[in-house]
Amino acid sequence: IFLWVYVLNSEKVKFEKTVTLEYILPVDMMFAVKPVHEVTFLIEGPRAFVRTVAEREDRFVIDLNRANARRQLNFTLDINPAQLNLPFGMVVDRVLPRRIPIHLEKKASKIVPLKLQFIGQLPEKLSLHNTVLEPAEVEVYGPRTVISRLKELSTKPIDLENLPGLDQVPVEVQLPDDRLTITGGFDVRFSYQLKASSSNFELKN
């Protein structure tokens, strides 16, 4: 039985191990094109260690300040198989992808106005008055080429059916590109009044 267990556990098998990549960007740079955030290691080694390695959470921190010492905007990053810590007897067969293209771009910021968007309908005979969006502008930053084309930002649609009974609702800003970020520190709110669009009764004579 001991020999059978020993032979079984020492048998070499192949398996895949996914490792998460975490990038540290230069302060004044952003990704022009987002790179992959995971690489897959194809590993061969004794069956006894497979579960330990496969279930272990591994993360590679890639400092692009060091990797790109020449401050280039476009370069290739090599994933070294030796970076993965493995038990004795295990070897990395392949890494997919082995080379990761990196495309950087200068970061820029801009203050742009907000545009309200609505969905649904107000209850009958009610209308919106004294509408105020505060703040009416936000500062957004991202890749310079995207920021230069940005003229305004829209809010996520506000449902008119949910407005009765309130005079103010929180509003979310809709970002057209996932590389854009709004400067934090404030909340956007929509203030308004609802009034009857017609009179409830008439006076004669």
Side-chain angles (χ1 to χ4, degrees), residues 18-40 59-68 70-79 96-123 126-194:
T18 301
V19 176
T20 303
L21 303 180
E22 184 178 317
Y23 299 93
I24 299 177
L25 283 162
V27 177
D28 60 337
M29 294 286 182
M30 294 191 72
F31 286 121
V33 179
K34 284 197 172 183
V36 297
H37 279 74
E38 288 183 345
V39 291
T40 301
R59 181 184 298 270
F60 290 170
V61 178
I62 301 173
D63 189 349
L64 293 180
N65 292 284
R66 295 181 180 179
N68 183 24
R70 296 181 181 178
R71 304 288 287 177
Q72 296 173 317
L73 294 179
N74 301 291
F75 59 99
T76 302
L77 191 69
D78 287 326
I79 301 297
L96 300 173
R98 175 68 186 269
R99 297 169 66 86
I100 301 174
I102 301 293
H103 304 284
L104 298 177
E105 192 172 343
K106 286 281 187 179
K107 185 191 295 183
S109 65
K110 190 177 187 179
I111 296 176
V112 295
L114 292 177
K115 180 183 178 182
L116 282 167
Q117 287 195 110
F118 298 99
I119 58 170
Q121 291 184 338
L122 284 171
L126 285 181
S127 59
L128 273 173
H129 295 270
N130 301 328
T131 58
V132 177
L133 190 61
E134 190 176 3
E137 298 176 325
V138 292
E139 184 179 20
V140 60
Y141 69 89
R144 180 176 293 175
T145 54
V146 179
I147 291 293
S148 64
R149 298 192 300 265
L150 198 63
K151 304 300 181 185
E152 63 181 12
L153 287 175
S154 299
T155 65
K156 289 187 177 180
I158 301 170
D159 193 345
L160 293 172
E161 294 180 2
N162 296 331
L163 296 186
L166 303 170
D167 59 7
Q168 190 181 78
V169 292
V171 173
E172 292 185 56
V173 179
Q174 193 164 269
L175 296 174
D177 192 305
D178 61 1
R179 292 171 295 171
L180 296 175
T181 307
I182 296 175
T183 304
F186 57 85
D187 296 321
V188 181
R189 304 193 73 83
F190 173 55
S191 302
Y192 59 93
Q193 288 183 345
L194 291 178

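Worth knowing before you read on, the calculation uses all heavy atoms, side chains too, and leaves out hydrogens, waters and symmetry mates. As the structure is a prediction and not an experimental result, all values here were calculated from the model.
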Could you go through residues 171-179 and list every donor-acceptor pair under 3.5 Å that involves a side-chain atom there, pairing it with any protein atom two or more places apart or in another chain?
residue	atom	partner	partner atom	Å
E172	OE1	K156	NZ	3.3
D177	OD1	R179	N	2.8
D177	OD1	R179	NE	3.1
D177	OD2	R179	NH2	2.9
R179	NH1	A32	O	2.2

Show me the side-chain donor-acceptor pairs of residues 148-155 shorter than 3.5 Å, one per line, residues at least two apart or across chains.
residue	atom	partner	partner atom	Å
S148	OG	R144	O	3.4
S148	OG	T145	O	2.9
R149	NH1	T145	O	3.3
T155	OG1	Q117	N	3.2

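Here ring pair (Phe, Tyr, Trp, His ring centres under 6.0 Å) pairs that include residues 98-120, with residues two or more places apart or in two chains, are F118-F190. Each salt bridge (Lys or Arg N to Asp or Glu O under 4.0 Å) pair with one or both residues in residues 157-171, not counting sequence neighbours, would appear here, but there are none.
The shortest side-chain heavy-atom distance between V19 and I79 does not fall under the 4.5 Å cut-off. P170 has its side chain out of reach of D187: every pair of non-hydrogen atoms, C-beta onward, lies at least 4.5 Å apart. A heavy-atom distance below 4.5 Å is found between the side chains of L77 and Y23.
In terms of heavy atoms, V36 sits closest to P97 at CG2-CG, 4.2 Å. Closest approach of P113 to E137, counting heavy atoms only: CA-CG, 3.9 Å. The shortest heavy-atom contact between L126 and P164 is CD1-CG, 4.5 Å. Counting all heavy atoms, side chain and backbone alike, P26 lies closest to N65 at CA-OD1, 3.4 Å.
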- Item | L73 vs M29, side chain to side chain contact (heavy atoms under 4.5 Å, CB included): CA-CA, chis, key distance, verdict | CA-CA 9 Å; L73 294 179; M29 294 286 182; 3.6 Å; yes
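Checking side-chain atoms of Y141 against main-chain N and O of I147 turns up no donor-acceptor pair under 3.5 Å.
With sequence neighbours left out, D28 forms a side chain to side chain donor-acceptor pair (under 3.5 Å) with R71, K106. Residues satisfying the side-chain contact (heavy atoms from CB on, under 4.5 Å) criterion with T40, sequence neighbours excluded, are E16, T18, L42.
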